Amino acid sequence: MHRKHQDVVFALVGIVALMVAVLTFLTLFVNMAVDGLPRLDWHFFTSFPSRRATQAGILSAWVGSTLVMLVTAFFAVPLGVASGIYLEEYARKSWVTDLIEINITNLAGVPSIVYGLLALGLFVYQFGLGQSILSAGLTLALLILPVVIVATREAIRSIPQVIREGSYALGATRWQTVRYHILPYSSAGILTGIIIGMARAIGETAPIITIGALTFIAFLPPAPLKAEPPFVSFDWLMSPFTVMPIQMFNWTSRPEAAFQDNAAAAGFVLVFMTLAMNGLAIWLRYRLRRNIKW
Amino acid sequence: MAKATAALHGTAYLASRRARHIRERLIEVLLFFAALISVVTTVAIVYVLVKESVVFFEQVPLRDFLTDRQWTPLFDDAHFGIVVLLSGTLTSSFVALAVAIPLGTIIAIYLSEFAPYRLREMVKPVLEMLGGVPTIVYGYFALLFVTPLLQKVMPGLPGFNLLSAGLVMGIMIIPYVSSISEDAMRAVPMALREGSYAMGATRFQTATRVVVPAAFSGIASAYILGISRAVGETMILAVAGGMQPNLTFNPLEPAATITAYIVQVALGDLPHGSVGYQTIFAAGLTLMLFTLACNLAGHVLRKRFREAY
Amino acid sequence: MANEHASKQYDLDLGAIRTRVLQMGGLVESQIRRAIDGLASGDLAALEQVIDDDHRVNAMEVALDGDTSHLIVRRQPAASDLRMIFAIAKTVTDLERIGDEAQKMARMAKAIHERGAAPLPPAVDVRHAAEAAIAMLRRSLDAFARLDCEAAQGVIRDDAGLDAEFRAILRQLITFMMEDPRTISTALEIVWIAKAIERIGDHAKNMAEYVIYIVRGTDVRHTRSPQPGA
Amino acid sequence: MANEHASKQYDLDLGAIRTRVLQMGGLVESQIRRAIDGLASGDLAALEQVIDDDHRVNAMEVALDGDTSHLIVRRQPAASDLRMIFAIAKTVTDLERIGDEAQKMARMAKAIHERGAAPLPPAVDVRHAAEAAIAMLRRSLDAFARLDCEAAQGVIRDDAGLDAEFRAILRQLITFMMEDPRTISTALEIVWIAKAIERIGDHAKNMAEYVIYIVRGTDVRHTRSPQPGA
Amino acid sequence: MMEQLLATKAEARSLSFYYGDFQALKGISMPVHERQVTALIGPSGCGKSTFLRCFNRMHDLYPGNRYDGQIILQPDNTDLLARSIDPIDVRMRIGMVFQKPNPFPKTVFENVAYGLRVRGERSRRAVEEKVEQALHDAALWDEVKERLHQPAYNLSGGQQQRLCIARALATDPELLLFDEPTSALDPIATASIEELMHDLKKRVTILIVTHNMQQAARVSDFTAYMYLGELVEFGVTDELFIKPQKKQTEDYITGRFG
Amino acid sequence: MMEQLLATKAEARSLSFYYGDFQALKGISMPVHERQVTALIGPSGCGKSTFLRCFNRMHDLYPGNRYDGQIILQPDNTDLLARSIDPIDVRMRIGMVFQKPNPFPKTVFENVAYGLRVRGERSRRAVEEKVEQALHDAALWDEVKERLHQPAYNLSGGQQQRLCIARALATDPELLLFDEPTSALDPIATASIEELMHDLKKRVTILIVTHNMQQAARVSDFTAYMYLGELVEFGVTDELFIKPQKKQTEDYITGRFG
């Protein structure tokens, strides 16, 4: 019967399609590894950028990325989780919540470069924060806010309504229900969303470029911890900075092949980091699915 | 029972009840303000884009902006024809979608309906990682691997071109299309599939006649998300597509997209408040409106899909 | 909507059982009639037949009890259905006992005729009483068929008349026996026949009471003054 | 596991009904005994009491029938439970009829003693037959209580003996009547008492047959040669 | 059973309920007798669950719902639906068991203790005692005493439902609502829950919704038949099932409903 | 009813079934009589659904499943489980109705026509005739004839289930499998499905899994009681429910199962 052959044919087509995607990814990874791995040594991580390709490193880039991520997480996580909780557990159906809802869906789809324009107009000039770590962190925080909110909502939504009703039926208040049930049961899902959001933020280039981050930074921001009281300092927030993807972009744009190897090396580190974070998130989600069966 | 009565009316209880009310109310207000941040963000985006664009359109008539066939904002003889940037954007997006939609759909159907469980569990994370790779890395790949490769086949291909950028962008978008499509197909209840198989249908018949139609609005919203991604994608094009404005629909040529133009301007040293500075906001507004339309359409479709089950 | 026939099968099952109850009633009625005809005509073969046919009544009782259990298991009857099933289970017992009484009548009639004794005059009254009992039985079956409370109450009222008739026959027979002790054996056999007829009336009354139970859900048994003694 | 007591309430309900059936049986048994004692002693008040107490038997029948319906509605019995319920519904009818027979015995005994007639000699045999009937009733109730098929079969066997005893008494009474026609009224009253005793035996046998139905699921009624005629 | 002699634990008085514009309950008045099981039956959509969920103000969780009329809870004559009454206070007195077993993904112990924790009980001794007592009362103690600190999800469906009952019992509710508590269980687990209900009614008043008429007949002392949001008939269960007063009830009970 | 006189439509012979290492069915042998309703009952997890789903090789859809033994389908004496037999061919002959109504998200008409389309039927007339006939047979025609081209989801639950029955009937199956077909329906819809089953058995052999013993008693001619993957007792329904041969069956039927 010929209709049974369709199955075999389509299965083959499917595998081919899958191979195209997966093989492209592998090629990319191998290609970058081949070009970049020779440059990856201790020196590469502890050196500032340089005009000489072989002496250049990514010290200022990874420190900058780390600090920006700190700021991003500091703002995006509490805000994202709180709004997710509000929308799922508190909001009553009204035009305000409808608005917030559509708005978040839309924000999730706004191109990252538009966030860059927002930051340029608002943070850099209007608020006068300049081209600082704080500006970048805030920008990326807004960028991944929808990711965190959506992940939080999905995680919360997967908790069956009967669990909530069970809690309320025992006389619990809304906040008690959230604290004792909603948050604990959705925490793994929320964490997954946060990690994925951070992985996205760490690789974002366009908005950082738009706010005008410098590409050639041969110094580190002021240290957050000091020897003398008050021991902590927030000066680093206002410091100029660079981040990994910008460093890579910079090297990619150079015509010399040696810099392009640097780009490959930086790219390799970047891909490795994002893959590790994504992998962690995927593993978390897998465990989550295995542990909780509503 | 007497205890319950006392519990309802005892003064100590009343006090604790008031405390409870206040605490609950406070928490709700805090959470509400957190949720409001996202609205504030949108308002801020619109405010910034519109504010600068208004200044821009005071100097450049909207008519010129829409009809002029040149984009030379930084020349002395400045032209502001957005069509030029749009052509690059549309061409690269078209190439990307020509790759992503067929492949993404086939992969989704294959994974959801054909692949053995183990293969699916292995492949899905790999695909998701594909979507997690920073776009600058894809840009690097397009410029330094795909373009040289293509040049071996097409010797005349310029170093910067929309084709290789579009192809790589297509690969990048596959996971978005395939994973949302697959989710939509997975959400089709097993009972429907079993119903079809029980009627004597083959896998292919079940997939194409029952599962895909049932998941259609979900799949459509995946496509729309893909379009929105392609249009908004920046770094691949900035790196591999070339940055010079070029009114063309030929993917073999280099051309600037809206996003690439913004990057180009941002990299330069444009003074705050100049017309050049304002052009990027006008371009950004165009981009924003386009993706907004896509997102709303996708939202509506997804919502309809959710309601079906 | 399709629901109008949602319990078609159930109604069919119930209807089938009711029909079989009525069939059993018909058989039992013919048994009584043939026994009383045999008493008058002395047709021994016919009487023999009545005695033999009792196994058919018995078989119907067993079968109907089986059907009733099956219906309970299959349908978990409630409300009027349950009352119907319950009443049928009880009615079937009464019908079988009526069958037994008919058999006894035939046996006595056979004994009388075999001995060749001339029937005693009260035999006429016995026939009259038997007709009354048959009428009661028939009316209680009718009441059952039509779930007619009025008719059922009529049957219950009539039972007192039949009892009176029985006592009159008994007095007559005692007189005969006293006048001519040689008739005692035959008279006693006629007493048993009369007694059987009186019992048939009692059973018919029971059945009528079940009909009222089916329709109204009230148990009217034993609700009036104690019945006159046998 | 908790399931061991999953049907505790059901068992309790069933048990309660069975207990009440046995109580009804006990009441009925005492009715017979008091009637037969009254026949011997001529204690009119006691006989009056028996006649009056029949309403208690009747009330128990109505109540037990109600319980049975309720159990069917509540529990949708199947298998042995259904057979039990079904048998109880039938048994209760038999018990009530035994109660009726006891009442009739008391009524006849009262009539005999009110007339002041000297009891006829067969009264002794009647007492013996009554004891046998009581024993049958008690054993069938025992068989019901213990769901003992062997005992039930014993009861069924014994019924033939009781029937024979009844026929012997009848023959004796006929002789008396023929010898002295003045005794006819009294003799006839004793005939009714003997007949009641014979019927009690029949009912006990029915009950025993239900016990076998409960235990084995087979309907043993009407399975042997036709019973000896009354 | 003398209906007149029983105390009333709760009483609905002309209770109407609206989901937005849709009137789901139409002027229902009926008593819930103390320490008796009252069953609500009727076809899907007749409003029986809606009615049940008025008793613990569950509808307050969702917007657009409106009550009209009263539910008076005894002995203190409180109108549960009054605006001045906080739904949380209502739920403190009235427990509920749901259609599907819904234990929290916590340990067995924590599930039962939850109601106490919500009420601010801090003494560990008191909590432990109450938990044990509640598990005893729910006929579950012997089965779970060895694994109090294991996840509740390891229990079987029937055990989970009894755990939910224990959870409700731990806070000494005056009235316990059961919303089709066995519809997700197999016949064996169903039997054990029904048995348990029978034991519980010595201590607590029970109101149960069931779509299984036989179950209503088995477990309840009183039955209310509802149709299209109205109370058609209320009465002693045995009577209602053998001799219903209304033709509608009769038709439903005998399966001739169309 | 003379069991011996009935033709056998299908027969399981020493059928065992494994989910991976777990043996879910243990050497089951029993007949399915032609144009009769055969019910499978037993507690949850007894393997009754697993057994049912062997008849149309539904287990082949999932990996790691293994059959052992035979299911012989008459009149052609085919072993449904043979390796040489394509499960699709089996499903062409054997229809199935599921626990929850699962109409496809298409119109009423297209749902019923689906089986024909899958079989490559192209004649529009033929399809229309068959669809109408199937809807008649499923006692649904009068209710849907005005809205054949509306989405099937607009129908009520009971109608959807009858639509699924019509869908299965359209391809003239020889054997129809019902997997707890009314467990998601209310009593009224349940009654109509049961009624329908009774009408259908004049034309098609029916095998039904139900966890509702009363339903098995109502609709079936033969009943098989299963426990822990084994067939405990098979017999004529009336006899099995009034006089079961095995103590285990008796205990289950009377609710004393522990």
Side-chain angles (χ1 to χ4, degrees), chain C residues 51-52 54-55 57-59 61-63 65-66 68-70 72-73 75-79 82-83 85-86 89-90 92-94 96-97 100-101 103-104 106-108 111 170 173-175 177-182 184-185 187-188 191-192 195-196 202 206 213 219 221-223 226-227 229-230, chain D residues 51-52 54-55 57-59 61-63 65-66 68-69 72-73 75-79 82-83 85-86 89-90 92-94 96-97 100-101 103-104 106-108 110-111 170 173-175 177-182 184-185 187-188 191-192 195-196 202 206 213 219 221-223 226-227 229-230:
Chain C
I51 294 167
D52 273 4
D54 189 48
H55 82 268
V57 177
N58 294 344
E61 181 197 21
V62 172
D65 277 353
T68 319
S69 318
H70 292 164
I72 293 176
V73 155
R75 297 293 177 173
Q76 301 83 46
L82 176 62
R83 302 200 303 267
I85 295 287
F86 205 81
K90 297 267 188 183
V92 164
T93 309
D94 280 306
E96 192 272 340
R97 304 254 158 106
D100 284 351
E101 301 296 339
Q103 191 195 33
K104 276 180 213 160
R107 204 169 270 143
M108 292 302 141
L170 200 58
L173 282 167
I174 291 175
T175 316
M177 286 192 270
M178 287 193 169
E179 283 171 1
D180 182 358
R182 282 164 310 163
I184 283 180
S185 276
L188 219 43
V191 164
W192 293 132
K195 177 70 183 165
D202 285 349
N206 289 341
Y213 173 68
D219 200 329
R221 292 176 298 180
H222 322 302
T223 46
Q227 304 118 293
Chain D
I51 295 166
D52 274 4
D54 190 49
H55 81 269
V57 178
N58 294 344
E61 181 195 21
V62 171
D65 277 352
T68 319
S69 318
I72 292 176
V73 154
R75 297 292 176 173
Q76 301 83 45
L82 176 62
R83 301 199 304 267
I85 296 288
F86 205 81
K90 297 268 187 183
V92 164
T93 309
D94 281 306
E96 190 271 340
R97 303 254 159 107
D100 284 351
E101 301 297 339
Q103 190 195 33
K104 275 179 213 161
R107 203 168 272 143
M108 291 303 141
K110 190 172 152 227
L170 200 58
L173 284 168
I174 291 175
T175 315
M177 286 192 268
M178 288 191 170
E179 284 171 359
D180 182 358
R182 283 164 308 166
I184 284 179
S185 276
L188 220 44
V191 164
W192 293 131
K195 178 70 182 164
D202 285 350
N206 289 342
Y213 173 68
D219 200 328
R221 292 176 296 179
H222 322 304
T223 47
Q227 303 118 293

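So you know, we letter chains A, B, ... as the sequences are listed, proteins then strands, and number each from 1. All values derive from a computational prediction rather than experimental measurement.
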Open item on the list: At a heavy-atom distance under 4.5 Å, which candidate from H55(D), R83(D), E61(D) has the highest pair count against chain C?
Closed with: E61(D)
TODO: Among A89(D), G66(D), A78(D), single out the residue with the greatest number of heavy-atom pairs under 4.5 Å to chain C.
DONE: A89(D)
Open item on the list: Only pairs of heavy atoms separated by less than 4.5 Å count here; which of R182(C), M178(C), Q76(C) has the most with chain D?
Closed with: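 Of R182(C), M178(C), Q76(C), M178(C) has the most heavy-atom pairs under 4.5 Å with chain D.
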Open item on the list: Using heavy-atom distances under 4.5 Å, tell me whether D94(C) contacts chain D through its side chain, its backbone, both, or neither.
Closed with: side chain
Open item on the list: Is E179(C) in contact with chain D via its backbone, its side chain, both, or neither, using a 4.5 Å heavy-atom distance?
Closed with: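 E179(C) has no heavy atom closer than 4.5 Å to chain D.
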Task: Steps toward side-chain contact (heavy atoms from CB on, under 4.5 Å) verdict (L188(D), M177(C)) - done: CA-CA 11 Å; L188(D) 220 44; M177(C) 286 192 270; 3.9 Å; yes
Closest non-hydrogen atom pair between [X] and [Y], with its separation:
{"X": "P77(D)", "Y": "I85(D)", "answer": "CG-CG1, 4.1 Å"}
{"X": "V191(D)", "Y": "W192(C)", "answer": "CG1-CH2, 3.3 Å"}
{"X": "F86(C)", "Y": "I72(D)", "answer": "CD1-CD1, 4.5 Å"}

TODO: Show your reasoning for whether side-chain contact (heavy atoms from CB on, under 4.5 Å) applies to T93(C) and K90(D).
DONE: CA-CA 8 Å; T93(C) 309; K90(D) 297 268 187 183; 2.7 Å; yes
